[in-house]
Amino acid sequence: MKIDVTKLQPMVGYAIVEPAEKETVTSSGIVLPVDASGEKPCYGKVLAVGEVGKDDPKPNFKKGDNVVYKKWGGNELKIDDVAYQILKIEDILAKVA
Amino acid sequence: MKIDVTKLQPMVGYAIVEPAEKETVTSSGIVLPVDASGEKPCYGKVLAVGEVGKDDPKPNFKKGDNVVYKKWGGNELKIDDVAYQILKIEDILAKVA
Amino acid sequence: MKIDVTKLQPMVGYAIVEPAEKETVTSSGIVLPVDASGEKPCYGKVLAVGEVGKDDPKPNFKKGDNVVYKKWGGNELKIDDVAYQILKIEDILAKVA
Amino acid sequence: MKIDVTKLQPMVGYAIVEPAEKETVTSSGIVLPVDASGEKPCYGKVLAVGEVGKDDPKPNFKKGDNVVYKKWGGNELKIDDVAYQILKIEDILAKVA
Amino acid sequence: MKIDVTKLQPMVGYAIVEPAEKETVTSSGIVLPVDASGEKPCYGKVLAVGEVGKDDPKPNFKKGDNVVYKKWGGNELKIDDVAYQILKIEDILAKVA
Amino acid sequence: MKIDVTKLQPMVGYAIVEPAEKETVTSSGIVLPVDASGEKPCYGKVLAVGEVGKDDPKPNFKKGDNVVYKKWGGNELKIDDVAYQILKIEDILAKVA
Amino acid sequence: MKIDVTKLQPMVGYAIVEPAEKETVTSSGIVLPVDASGEKPCYGKVLAVGEVGKDDPKPNFKKGDNVVYKKWGGNELKIDDVAYQILKIEDILAKVA
C-alpha cells in the first residue's frame with residue numbers, strides 16, 4: 001500500500017503539513033541539513049486541516065498557508081523520503097502571513 | 001484459546017486496525033521492513049470501530065477504510081504473526097480517501 | 001488467608017478476568033510461554049464486573065464473555081499460580097463475540 | 001509518640017487496611033514471604049473507612065470486610081512490625097464476599 | 001531572617017505540622033533514627049491549618065491534633081534542626097483520635 | 001538590557017519574591033550557605049503580586065509580607081547576583097505574620 | 001523558504017518574543033554569554049501576541065513591551081542567528097513597566 005498524501009483527510013483536531021525543503025547546499029553542491037546543529041525544519045505548508053474539535057483552538061491558518069510548528073511531538077509519515085507531519089492543531093505555533 | 005479477529009467487538013472509544021503488509025522486497029526476493037530504519041508500518045485497514053464515547057472525537061472513518069495511526073501507544077494483538085492494532089479512536093490520525 | 005476468586009466483588013469501575021491458559025506445547029510436551037517473545041496472554045474470561053462509575057465507559061461485555069485487555073497496567077492477583085487480572089473497565093479493549 | 005491504630009480516623013477518601021498475615025510456613029517451620037517472588041500481600045482487613053469525597057467511587061466495603069488492594073501506591077504506616085496501609089478508596093480493587 | 005514557626009499562617013489548602021520527636025534511644029543512650037531503615041517520621045502535631053480551598057477535602061483535624069501524613073511530597077522548612085512540614089491538606093492521611 | 005526589579009509587573013497568577021539574604025557567617029567572617037547541606041533559602045519578601053486568576057487560590061499575603069515558598073519549581077531571575085523568584089501564587093506556602 | 005519574523009502571526013494562546021541581545025563583552029572584545037553560567041537570556045521584546053484563548057490568562061503586556069519569560073518550555077525559531085521565542089502566553093512571567 002502506498003499512500004497518496006493529497007488524499008489524506010486528517011481526523012478531528014489534526015492538520016497535515018509538508019515540511020519546507022532543505023535548501024542549504026554547499027558551494028560544492030553537497031546538500032546539508034538545514035542548520036549546523038542538524039536540526040530538522042519546523043515550518044512548512046499546510047496540506048489539509050481536519051475538523052476543529054470542541055477543545056481545539058481555532059486555527060488562524062488554512063490549506064496552502066505556511067506555518068511554524070513545534071519541533072517535537074508531531075507524527076511523521078514518510079512517503080518518498082518526505083517526512084510529512086500530522087500535527088495537532090494546537091501544536092502549530094504561527095502562520096507566516 | 002485462539003482469537004478470530006473478525007469476531008472482535010471493540011470497546012467504547014476503540015477501533016481495530018489490520019496493519020498494511022510489508023511490501024518492500026529486494027531484487028533478490030528478501031522481504032525487508034517497510035523502511036531502512038526498520039520502522040513498523042503505521043497505516044492499515046479498519047476492521048471494526050467501537051461505540052464513540054462522549055469525550056472521543058467523531059471518527060471520519062468507518063470499517064473498511066484505510067487510515068494512518070500513531071506509531072506508538074496502540075495495543076498490539078498478535079494472531080498468526082499479524083500484529084493487529086487496537087487503537088483509541090483519537091490515536092487515528094487521518095483517513096486515506 | 002486464602003482468597004476464593006469466585007467470591008471477589010470488584011469495586012466500582014473494575015472487572016476481574018481469568019487469563020486464557022497457556023496452550024503452546026512443543027511436540028516434546030514442554031509447555032512454552034504463549035509466544036516466542038515470552039509475552040503473557042492478554043485475553044481471558046470475565047469473572048465479575050463491578051458497578052459502572054460515572055466516568056467509566058459502558059462495558060460491551062458481561063460475566064462469562066471472553067475479552068482482550070491491555071498488556072500493562074492491570075493488577076495481578078495470584079491464587080494457586082493463576083495470575084487473575086483486576087482491570088479498570090476502560091482497560092478492556094474488545095469483546096470476543 | 002506511639003500510634004494506636006484503632007484510634008486512627010482516616011481523612012476524606014482514605015481507608016486503613018491491616019494486611020493479611022504471612023501464612024506460608026515450610027514443613028520445617030520456617031516462615032516464608034507470601035510467595036516465592038517475595039511479593040508483599042495485597043489483601044487484608046478494613047479497619048476504618050473515611051468519609052467518601054465527592055470524586056471518590058462509592059465503596060462496596062465497610063469496616064471489617066476483607067479487601068484486595070493495589071500493590072503499589074498506598075501509604076505504609078509501620079507499628080510494631082505491621083505495615084498498615086492507608087489507601088485511597090479508589091485503590092481498593094475488590095471485596096472478598 | 002529567622003522564622004518563628006508559631007507566626008506562620010499557611011496559605012489556602014496547606015497545613016503546618018511539627019513532626020513527632022525521634023524517641024528511639026538505645027540502652028547506651030545514643031539517639032537512633034525512628035526505625036532501623038532510617039525512615040523519617042510521618043506523623044506529628046498540627047500547628048496551623050490554612051483556609052480550605054474549593055477543591056480541597058474537608059479536613060477532619062484541627063490545630064493541636066496529631067495526624068499521620070504522606071512520607072513524600074511535603075515541603076520541609078528547617079528551623080533550629082526541626083524539619084517542619086508544610087503539607088497540602090489532601091496529603092494528611094488520618095487523625096489520631 | 002538591564003532589568004529594574006521594582007518595575008516588574010507579574011502576570012496573572014504570579015508573585016515576585018526577593019529571597020532572604022544569606023546570614024550565616026562563621027566566626028572567621030566567611031559567608032556560608034544558609035545551612036550545612038547547601039540548601040538555598042526558601043523564604044523572602046514579596047515585591048509584587050499579579051492579578052489573581054480564576055483558578056488561583058486567594059493569596060493571604062501582599063506586597064511587603066515575608067513568605068515561605070516551595071524550594072523547587074519557581075523561576076529564578078538573576079539581577080546583580082540576587083536570584084529573584086517569580087513564583088506561582090499557589091507555590092507560596094505560608095505568610096510570616 | 002526563509003521566514004520574515006515580522007510576518008509571523010501567532011496562533012491562539014501564543015506570543016512571539018525577541019530575546020534581549022547578549023551584551024556581555026570582555027575588555028578584549030570577545031562576546032560572552034549573558035552570565036558566567038552560560039545561561040541564555042529569559043527576557044526580551046514582544047513582537048506579536050496571538051488571540052487570547054478561553055483558558056489563557058489575560059496578558060498584561062502587548063506588542064513592544066519588554067517581558068520576562070520562563071527559561072524552559074518555549075519554542076525556539078532561529079532566523080539569522082536570533083533564537084526567537086514562540087511562547088505560550090501563560091509562560092510569560094512579568095512585564096517590565
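When reading the values below, keep in mind they use all heavy atoms of this one structure, side chains included, and skip hydrogens, waters and symmetry mates. Letters A, B, ... mirror the listed sequences (proteins, then strands); counts begin at 1.
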Colleague: What pair of heavy atoms forms the shortest contact from F:K71 to E:E76, and how long is it?
Modeller: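 In terms of heavy atoms, the two residues are closest at NZ-O, 3.4 Å.
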
Colleague: Ignoring hydrogens, what is the shortest heavy-atom contact between F:A94 and E:P10? Give both atom names and the distance.
Modeller: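 For F:A94 and E:P10, the tightest heavy-atom pair comes out as CB-CA, 3.9 Å.
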
Colleague: Taking all heavy atoms of F:K70 and all of E:Y14, pick out the closest pair and write down the distance.
Modeller: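 Looking at all heavy atoms of both residues, the shortest contact is CE-OH, 3.4 Å.
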
Colleague: For F:Y43 and E:L77, what are the C-alpha separation, side-chain angles and deciding distance, and is it a side-chain contact (heavy atoms from CB on, under 4.5 Å)?
Modeller: CA-CA 9 Å; F:Y43 42 87; E:L77 177 67; 4.2 Å; yes

Colleague: Please check this pair: side chain of F:N60 against backbone of E:Q9, looking for a donor-acceptor N/O pair closer than 3.5 Å.
Modeller: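 Yes.
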
Colleague: Does F:E51 CD have over 12 foreign heavy atoms under 6.0 Å away?
Modeller: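 Atom CD in F:E51 is not packed in, count stays at 12 or less.
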
Colleague: For residues E:M11 and F:P57, report the shortest heavy-atom separation together with the two atoms involved.
Modeller: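 Shortest heavy-atom separation between E:M11 and F:P57 comes out as CE-CG, 3.9 Å.
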
Colleague: Side chain, backbone, both or neither: which part of E:L8 has a heavy atom under 4.5 Å from chain F?
Modeller: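 Contact with chain F involves both backbone and side-chain atoms of E:L8.
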
Colleague: Should we count NZ of E:K88 as having more than 12 external heavy atoms under 6.0 Å?
Modeller: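 Result for NZ/E:K88: open.
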
